[in-house]
Amino acid sequence: MSVRIRTELCKKIRGSLGTTQPPEALNSALSYLELRRDNSSGDFVVSLPLKTGEYDARSSADNIASLKPDGLFTEVRLSGDRLDNVSFRLNRDRCIREILENDSSTITIPGVNSGGKKIIVEFSSPNIAKPFHVGHLRSTIIGNYIANVNDFLCNDVRRINYLGDWGTQFGFVQLGIDLLNVTEEKMKREPIKLLYDAYVHANKLAVTDPSIAEKARQIFNDLESGNARDIEKWETFRRFTVDELSATYERLGVRFHEYNWESTYNAKKISQIISFMESQGFLITDSEGRKVFPFHEKRNVPIIKSDGSTLYITRDIAAAMDRFDKYKFDAMYYVVDTAQNEHFVTLIKILEKMKCSWADRLLHVKFGRIKGMSTRKGSAVFLQDILDETLAVMRENQIQSPTTKVSLDSSDKSTDILGISAVIINDLKQRRSKDYNFDWNKALDIKGDTGVKLQYVHCRLTSLEENSGAKLPTECDPSLLREQIIEELIAQIGRFDQAVVRSHRELEPCVLVNYLFALSHAINKGLKELRVKGEPEDVASQRLLVFYAAKRVLAQGMKLLGLHPLNKM
Ligand code: ARG
C-alpha cells in the first residue's frame, strides 16, 4: 500500500493501544501489515497478523478492533482461532488514489523503520591472484542488493570490498612474478591474469622443489614486517588490479565506497591491537611459540604465528575494530559463503570475549554454492569470463520477441545488460542458503521467470507509453477503474513496499524477486485483456496511469536488485 496509508494506519493502531505495549514488539508487528484484494468481495484489505511478531496480540486486538471507521477504512474485523488477526477494509477510492499517485522513491515509515542507521555492507571481497570464483559473484550480487535496499530504507550505507592480498600465498605470487620476469608494463595490461599465473607457476614448482615454499614464506615474512624491497611494486600491482576490477564492477553496475585491503591489517600496522590484546590477557604463548586466543578449554585460536605473521582471523579482528572506530556502525553485514561460517562464529565470539559491546552488530549473511557455472573456456575462473560467456550466449539466442510490441535493439550494450539481468535474477530468485545448479538456457529464458522476462515486461510498458496515443490524466479517477483485472493489478502495485520490507527483514532477495514476477504476471494479464489505444479518452488515460504506476514500481524493484531497466530489447 502507499507509505501514506501505512503511516496513517500505524498511527491509529498505536493510538488505540495507548502506551501499554512494549514499543519494539509493536513496531516489529506493524512491519507485517499486508495489503491484498479480497477475491470474493473485491475489497482492498490490510491485515495485521499479530501472531507473527513476538507480540501478545490478544489483548491488543480488542483495542484495535474498537477503532471507528473513517475516511481511510470502512470496517475493522477480528478473525483467527484466538481472534487475534486484525483486518481493515480500506476505503476503495482513497486506496486506489494513494497507490497510483504515490511517487516516493524511498520508504520510511515512522516508528517501523525510520532509517538513519549506519550500515556497513562488506561484499564481493575476492582475493587477488586467486580465481574470482562464483562464490564471489554471489557475494557481489547479494551484497549489492542488501546495500541498495538499505539505501532505499534511508539508512546511511557504506559499501566495502575487502580484498584478499595477504597471507603466505602472496609469497608465492611475488616469487612467481620474479621467476616469470613480469614487468610493470605487462602487469598493467592484464594484472588479474598475470598475478594468477605467477601464483600457479610458483605453486607448480613447489610440488617438486621444497625450497620454493621456504622462499615464498621468507618473502611473505619480509612483506609482513614491512622491510621488503618489493613493497612499492606490490602496491603498484594492487592499483592495477583495482583498475581492472573496477571496470568489471562497472559493467555489473556495482559500486563500492571503499576498497579495504587485507594487508592494511598486517603485523606491523596492527601491533598496537596485538599489544592491547596481550596486556588485557587475551593472548597467551603456546608451546609452539604462537600467540593464541584461549577460545575454550579445548581450543586455542592462533592469532600470531611463531614467525610473527598474522592470520586471516587476526586481520578480521583488526578490521572490525578499525571500522567500528571509524564508523560506529549500527550493523555490519559480511556477505560471504556458508563455507566460512565457522570463521565468522569464531570472529564474533572473540570480539564478544574481548568485551567489544558492538560485537552483536556483526552479521554473517551466508549463502549456498552455485554449481555448474562453467564457460567454454572451462570452469569459470574470472568474473570477466562469466560476463563474457553470458554475452556470447545471449547473442546466440538473441531474443526474437514473441510479440511485436517491443522494439528490438541488438546493440551489444543492451544484450550485455540483458545477460547480466538474467544472471542476477537467476541468483536472487533462490533462497540464499540453497545451493543451486546453474543452467544457461533456464537463466536466459524469456518465457520463464527470469531477468530477461522482467526486462521484457518493462520494455512493453515503455512501448505502451510511447505508442498508445493516450495522455496521463491530471488526477486519478477510481470510478473508471472497475474491472477486476485492473483492481488486481492495482493491489499488486500496492504490495511493493511490503515486499521490500519483508525481503529486508528476512535478508532474502527472493521475496522481492517473487513479488516482481507476480507483478509482471499481473501486468501481462492487464496488457492482454485491457486496451488503452482506441478506448474513450478518459478511460484510456486512467488505464495508462495504472500501467505507468506499474512500470515505476517494476523499475524501482529491478534497480534494487541491481538491474538496469531497459526501454528496448
Ligand atoms: N577474501 C576472502 C575469500 O575469498 C573473503 C573475505 C570475506 N570477508 C571477511 N571479512 N573475512 O575467501
Side-chain angles (χ1 to χ4, degrees), residues 119-144 146-147 158-170 172-173 192 195-196 199-200 220 237-238 241-242 244-245 248-249 254 256-266 269-270 273 293 301-303 310-327 329 331-352 354 356 358-359 361-370 373 379-383 386 432 507:
I119 308 282
I120 294 195
V121 188
E122 189 220 88
F123 65 110
S124 197
S125 311
N127 303 315
I128 64 171
K130 282 211 273 174
F132 187 113
H133 55 75
V134 283
H136 297 120
L137 177 64
R138 277 207 99 175
S139 171
T140 310
I141 293 175
I142 296 173
N144 185 44
I146 292 180
R158 183 132 194 113
R159 302 157 179 259
I160 297 184
N161 192 344
Y162 185 56
L163 294 167
D165 66 330
W166 216 240
T168 320
Q169 69 268 29
F170 290 95
F172 282 92
V173 178
I192 295 182
L195 287 168
Y196 179 59
Y199 174 73
V200 172
F220 177 65
F237 294 166
R238 280 192 309 225
T241 305
V242 165
E244 192 181 339
L245 275 175
T248 310
Y249 286 129
V254 171
F256 296 94
H257 294 108
E258 200 176 304
Y259 287 99
N260 187 198
W261 296 97
E262 250 186 67
S263 59
T264 313
Y265 308 106
N266 70 34
K269 296 198 184 129
I270 64 168
I273 293 184
F293 190 101
V301 179
I303 300 292
T310 55
L311 288 109
Y312 184 45
I313 186 118
T314 321
R315 299 187 286 276
D316 254 326
I317 295 172
M321 295 176 85
D322 179 37
R323 292 176 195 166
F324 189 74
D325 249 15
K326 278 196 198 131
Y327 305 116
F329 52 75
M332 172 152 71
Y333 298 117
Y334 294 97
V335 189
V336 185
D337 64 37
T338 305
Q340 297 202 21
N341 188 39
E342 200 180 316
H343 169 77
F344 285 103
V345 171
T346 309
L347 171 66
I348 294 170
K349 258 268 140 48
I350 289 184
L351 292 168
E352 264 166 22
M354 286 171 61
C356 297
W358 42 269
R361 300 183 193 182
L362 310 191
L363 184 71
H364 176 199
V365 181
K366 29 184 177 247
F367 52 80
R369 284 181 307 160
I370 315 180
M373 189 184 236
S379 72
V381 176
F382 301 113
L383 180 56
I386 300 172
R432 233 190 325 117
L507 286 174

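Worth knowing before you read on, the calculation uses all heavy atoms, side chains too, and leaves out hydrogens, waters and symmetry mates. Whatever order the structure lists ligands and atoms in, that order sets their numbers, starting from 1.
- Residues I270 and R315 form no side-chain contact, since every pair of their non-hydrogen atoms from C-beta on lies 4.5 Å or further apart.
- At a heavy-atom cutoff of 4.0 Å, ligand 1 is contacted by no atom of F123, backbone or side chain.
- What sits closest to atom 1 (N) of ligand 1 on the protein, heavy atoms only, is N127 OD1, 2.6 Å.
- Protein heavy atom closest to atom 12 (O) of ligand 1, with residue, atom name and distance, is Q340 NE2, 2.9 Å.
- Residues F123 and Y333 fail the side-chain proximity criterion, which asks for heavy atoms closer than 4.5 Å.
- Contact check for Y265 versus N260: side-chain heavy atoms found under the 4.5 Å cut-off.
- Close approach of ligand 1 to Y334 is summarised as follows: ligand atoms under 4.0 Å from at least one heavy atom of the residue are 10 (N).
- Between I192 and I128, the closest side-chain pair of non-hydrogen atoms is not below 4.5 Å.
- Residue R315 places no heavy atom under 4.0 Å from ligand 1.
- Applying the 4.0 Å criterion to heavy atoms of D316 picks out, from ligand 1, the atoms 9 (C), 10 (N), 11 (N).
- For ligand 1, the atoms sitting less than 4.0 Å from at least one non-hydrogen atom of V336 are 7 (C), 8 (N), numbered in the order shown with element in parentheses.
- Side-chain atoms of Y334 and H343, non-hydrogen and from C-beta on, never get closer than 4.5 Å to each other.
- Between E262 and ligand 1, a contact under 3.5 Å exists for no N or O pair.
- Scanning the protein for heavy atoms near atom 6 (C) of ligand 1, the closest one is Y312 OH, 3.3 Å.
- Inter-residue side-chain proximity for D316 and Y162 is flagged as met; some heavy-atom pair is nearer than 4.5 Å.
- Each of the following atoms of ligand 1 lies closer than 4.0 Å to a heavy atom of E122: 7 (C), 8 (N), 9 (C), 10 (N).
- Inter-residue side-chain proximity for R323 and I160 is flagged as met; some heavy-atom pair is nearer than 4.5 Å.
- More than 12 heavy atoms of other residues, nucleotides or ligands lie within 6.0 Å of CZ in R238, so this atom counts as buried by the packing criterion.
- In the vicinity of H136, heavy-atom distances shorter than 4.0 Å reach the ligand 1 atoms 3 (C), 4 (O).
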